[in-house]
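These numbers come from a predicted model, not from an experiment.
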Amino acid sequence: MTQEVPTPGSILVSDWHQCKDSKEYFSKILHKKRRRQFGLLESPVMSPSAAVDTLHYNVYLSGKSGVGKTSVVARLAGLSIPSTHYETTGIETTIVYWPVKIKDSGRVMFFRLQLWDCGETALRRFDHLLPSCKEQVDAVLFLFSFTDRTSFEDLPNQISKWTGPSDKDGKLVVGTKFDLFMHCDVTERDVRAFRTSWGFPVLRVGGEVSDGLGDVAPLLNCLCENLWHLDCLRAGANQDQTQIETETYL
C-alpha cells in the first residue's frame, strides 16, 4: 500500500520562517519570543494590508500509549514538554497556527491545526470515539518511538484502523525520541523498508526545543504541504467531475 505524497519542499517554501518577509506573520504566533497559546475562538490578528486566508484542519495523533503523543503536541504548540509520562484521559485538543508561503504563487496562508490527542484506554472504553474522530479528521500522525520496537511494529495495525475504501486523509509517520540514539530499537534500515512498503513520509523528533520555530518547522511544513496537496487533488477531481456532468448535460 502506498500513498501519493509531495516531495518535501516542492509546494511550500521550507525555510520561510527564516526569511525577512515572514517576520510579520510569524510575529503573530509569538509573544516575547515564545509561542502564543490560542484558544478555540482565538486567531492571529493581522493588519488589513497583510490579511490572509486561514485554512482549518483537524489532525489526529495515533500510537501506542507511551510513544510521546502528548509530548509531540506540546512541541508543535510551543508548550513545555512533560517530564513524566501520563496517559491522556479522553480527548485533549490543542490549537496550532502556522503561516506558510506557496512556492509557485507566493501566496501566504495561515494553517489552523487542531491537534487531537486521545488516550488508548479511552478508545478501548468508549467505542464511539474513533468512528467520531474519523468523520471529522483531515490528517493522521502515526507515532512510534525509536526506543520501543513494538510501537514501530504496531504501525500497520494503527494505519489499518484509519484505512478504508473512501479514505482520503493525509497520513504522516513520526518517530519520537530520536535523540536517544544509544537506546534505539529501530534502525534506519527498518525506516527505509517501511517507507518503501507504505509510501508515507517518516519524520523524526526528539531532544529539547530551542527556538520554537526551527525545531518544529520540518514537521509542520510537511503536514501543511500534504494537507494542501490533498485539497488541490480534491479540487481538481471536483472540477473534472463538474466538467463531465456539464458535457453530459449539453
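Across all non-hydrogen atoms, the minimal contact from Ile102 to Leu12 is CD1-CD2, 3.5 Å. Residue Leu172 comes nearest to Cys222 through the heavy atom pair CD2-SG, 4.0 Å, listed as atom of the first residue, atom of the second, then distance. The two residues Lys28 and Phe110 make their nearest non-hydrogen contact at CB-CZ, 4.4 Å. Of all heavy-atom pairs spanning Asn226 and Pro6, the tightest one is OD1-CD, 3.5 Å. A pairwise comparison of heavy atoms in Pro218 and Asp215 identifies CD-O, 4.0 Å as the closest pair. The two residues Ser145 and Lys177 come nearest to each other via the heavy atoms OG-CD, 3.4 Å.
Note that CG of Leu76 is 13.0 Å distant from CD1 of Ile95, once rounded to the nearest 0.5 Å. Here the straight-line distance linking atom CZ of Phe38 with atom CD of Gln114 works out to 14.0 Å at 0.5 Å rounding. From Phe178, atom CZ reaches atom CG of Leu203 across 11.0 Å, with rounding to the nearest 0.5 Å. Rounded to the nearest 0.5 angstrom, Cys232 SG and Leu227 CG are separated by 11.0 Å. Interatomic distance, CZ of Arg204 versus CG of Asp179, reported as 13.0 Å (0.5 Å rounding). Note that CH2 of Trp228 and CG of Leu233 are 11.5 Å apart. Values are rounded to the nearest 0.5 Å.
Between Trp16 and Tyr25, the ring planes are tilted. Angles from 30° to 60° get that label. Ring planes of Phe194 and Phe200: tilted class, angle from 30 to 60°. Ring geometry for Trp98 versus Phe26: interplanar angle over 60°, hence perpendicular rather than tilted (30 to 60°). A perpendicular orientation is assigned to the rings of Tyr60 and Trp116, their planes being inclined by more than 60° (bins at 30° and 60°).
Taking Thr150 as the reference, Lys64, Asp148 meet the side chain to side chain donor-acceptor pair (under 3.5 Å) condition, with sequence neighbours excluded. For Ser62, the side chain to side chain donor-acceptor pair (under 3.5 Å) partners at least two apart in sequence or on another chain are Gln158. Under the rule for a salt bridge (charged side-chain N to carboxylate O under 4.0 Å, His left out), Asp104 has no partner lying at least two apart in sequence or in another chain. With sequence neighbours excluded, the residues forming a salt bridge (charged side-chain N to carboxylate O under 4.0 Å, His left out) with Asp190 are Arg149, listed by chain and number. Partners of Lys101 under the salt bridge (charged side-chain N to carboxylate O under 4.0 Å, His left out) rule, at least two apart in sequence or in another chain, are Asp21.
Residues Lys69 and Glu92 are not paired through a salt bridge, judged by the lack of any N-O separation under 4.0 Å between the basic side chain and the carboxylate. Under a 4.0 Å N-O distance rule, the pair Asp169/Lys134 does not qualify as a salt bridge.
Between Thr176 and Ser71 there is no side-chain heavy-atom pair separated by less than 4.5 Å. Taking the side chain as every heavy atom from C-beta outward, Arg195 and Val173 never approach each other to under 4.5 Å. Annotation: side chain of Gln37 is not in contact with side chain of Glu42 (no heavy-atom distance under 4.5 Å). The closest side-chain heavy-atom distance from Leu223 to Tyr57 is not below 4.5 Å. A heavy-atom distance below 4.5 Å is not found between the side chains of Lys103 and Ile11. Between Leu115 and Leu113 there is a side-chain heavy-atom pair separated by less than 4.5 Å. No side-chain heavy atom of Ser27 sits less than 4.5 Å from a side-chain heavy atom of Leu30. Between Pro156 and Trp198, the closest side-chain pair of non-hydrogen atoms falls below 4.5 Å.
Between the side chain of Asn58 and the backbone N or O of Gln136 there is at least one donor-acceptor pair closer than 3.5 Å.
When the options Thr93, Thr94, Thr70 are evaluated for a side-chain hydrogen bond (donor to acceptor under 3.5 Å, both in side chains) with Asp117, the one that passes is Thr70.
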Pair Val216-Arg35, side chain to side chain contact (heavy atoms under 4.5 Å, CB included): steps then yes or no: CA-CA 11 Å; Val216 299; Arg35 296 280 294 284; 3.9 Å; yes
Side chain to side chain contact (heavy atoms under 4.5 Å, CB included) between Asp154 and Ser151, intermediate numbers included: CA-CA 5 Å; Asp154 190 51; Ser151 68; 5.5 Å; no
Leu220 vs Phe111, side chain to side chain contact (heavy atoms under 4.5 Å, CB included): CA-CA, chis, key distance, verdict: CA-CA 9 Å; Leu220 285 173; Phe111 276 65; over 6 Å; no
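Sparse packing is recorded around NE2 of His31, with 12 or fewer heavy atoms of other residues, nucleotides or ligands lying under 6.0 Å away.
Linking Ile, Leu, Val, Met, Phe, Trp and Tyr residues whenever their side-chain heavy atoms come within less than 4.5 Å places Leu40 and Leu55 in a single cluster.
Residue pairs satisfying the salt bridge (Lys or Arg N to Asp or Glu O under 4.0 Å) criterion with at least one member in residues 224-233, sequence neighbours excluded, are listed as follows: Asp231-Arg234.
Ser14 and Asn221 form no side-chain donor-acceptor contact under 3.5 Å, judged by distance and modelled atom types alone.
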